[in-house]
Amino acid sequence: MQRTTSYSRSNTFDLILTAMLTALVFVATLLLNIKLPISANGGLVHLGTAMLFIASILFGPKKGAIAGAAGMGLFDLVSGWTLWAPITFLTRGLQGYIVGKIAWKGERRGSSITFNLVAMIVSVPPMIAGYYVWERVLYGSWIVPLASIPGDIIQSVIGIGVAIPVCIVLKKIPVFK
């Protein structure tokens with residue numbers, strides 16, 4: 001009986017933690033965003049990307065993928081970017097998974113600043129490619145989506161710039177080691 005209770009408690013904790021990370025990504029995306037005047041559809045720079053990176057580095061690929069996909073996908077659904085929700089769900093889920101998988105490979109568990117940085121950088125091209133192909137489908141042009149790439153890069157650089165120092169500080173706290 002003890003084993004079942006322990007397993008159930010662990011699953012409950014994982015569910016709660018994943019839901020909290022999802023909420024943090026959603027709130028960071030919703031409250032801290034700037035629409036860029038780069039192209040017709042603009043583009044959005046927000047701190048949700050930083051929270052996705054932080055969640056993936058601190059808690060691994062599964063929680064990072066779910067938090068990024070659900071948090072940013074939900075943002076798109078409630079904030080007028082509904083058409084973008086499916087690709088956001090896919091690309092941000094993949095991005096969170098890539099970051100977590102690289103950062104947590106072997107025994108690192110997000111403790112290597114170098115691998116964390118590499119993980120975040122490696123996750124950016126698939127995200128940009130996913131949005132690019134989605135815009136190609138939406139606009140019927142291979143040229144128009146090029147205007148969104150600078151905004152995606154700016155958003156990723158800001159996310160990396162915020163996530164690295166936050167993760168360095170949080171990794172010093174025993175709970176996150």
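Side-chain polar atoms of Tyr97 and Ser123 form no donor-acceptor pair below 3.5 angstrom.
Proximity of a side-chain donor or acceptor of Ser56 to a complementary backbone N or O of Phe53 within less than 3.5 Å is not detected. Distance alone, capped at 3.5 Å, places no donor-acceptor pair between the Trp104 side chain and the Pro61 backbone. Remark: side-chain polar atoms of Asn116 are paired, donor with acceptor, to backbone N or O of Gly110 under 3.5 angstrom. No donor-acceptor distance shorter than 3.5 angstrom exists from the side chain of Arg109 to the backbone of Phe59, with no hydrogens or angles considered.
Environment of CD1 in Ile113: sparse, with no more than 12 heavy atoms of neighbouring residues, nucleotides or ligands closer than 6.0 Å. Around NZ of Lys101, the count of heavy atoms belonging to other residues, nucleotides or ligands within 6.0 Å does not exceed 12.
Considering only heavy atoms from C-beta on, Leu58 comes within 4.5 Å of Lys171 through its side chain. Contact check for Asp76 versus Thr82: no side-chain heavy atoms found under the 4.5 Å cut-off. Contact of the Leu52 side chain with the Gln95 side chain is registered, since non-hydrogen atoms from C-beta on lie closer than 4.5 Å. Contact annotation: the side chain of Leu47 approaches that of Ile158 to within less than 4.5 Å [non-hydrogen atoms, C-beta and beyond].
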Show every donor-acceptor pair shorter than 3.5 Å between a side-chain atom in residues 16-31 and any protein atom, with sequence neighbours excluded, or say none if there are none.
residue, atom, partner, partner atom, Å
Thr18, OG1, Asp14, O, 2.8
Thr22, OG1, Thr18, O, 2.9
Thr29, OG1, Val25, O, 2.7

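Under the 4.5 Å side-chain heavy-atom criterion for ILVMFWY residues, no single connected hydrophobic cluster contains both Ile57 and Ile98. Hydrophobic clustering (ILVMFWY, side-chain heavy atoms < 4.5 Å, transitive): Val157 and Met51 are in one cluster. Follow the hydrophobic side-chain contacts under 4.5 Å out from Trp81 and you reach Val144 in the same cluster.
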Check your understanding: Can Leu90 and Trp134 be said to form a side-chain contact (heavy atoms from CB on, under 4.5 Å), step by step?
Key -> CA-CA 11 Å; Leu90 291 172; Trp134 187 256; over 6 Å; no
Practice item. Evaluate the criterion side-chain contact (heavy atoms from CB on, under 4.5 Å) for residue pair Ser141 and Arg136; output intermediate values, then yes/no. Key: CA-CA 5 Å; Ser141 167; Arg136 161 58 178 104; 5.6 Å; no
Practice item. Quick one: do Leu15 and Asn11 satisfy side-chain contact (heavy atoms from CB on, under 4.5 Å)? Show the steps, please. Key: CA-CA 6 Å; Leu15 180 65; Asn11 281 349; over 6 Å; no
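Pairing each heavy atom of Pro126 with each of Thr91, the nearest pair is O-CG2, 4.5 Å. Of all heavy-atom pairs spanning Met120 and Ala163, the tightest one is SD-CB, 3.9 Å. Between Gly73 and Ala85, the closest heavy-atom pair is O-CB, 3.9 Å.
For Tyr132, the ring pair (Phe, Tyr, Trp, His ring centres under 6.0 Å) test picks out Trp142, with sequence neighbours left out.
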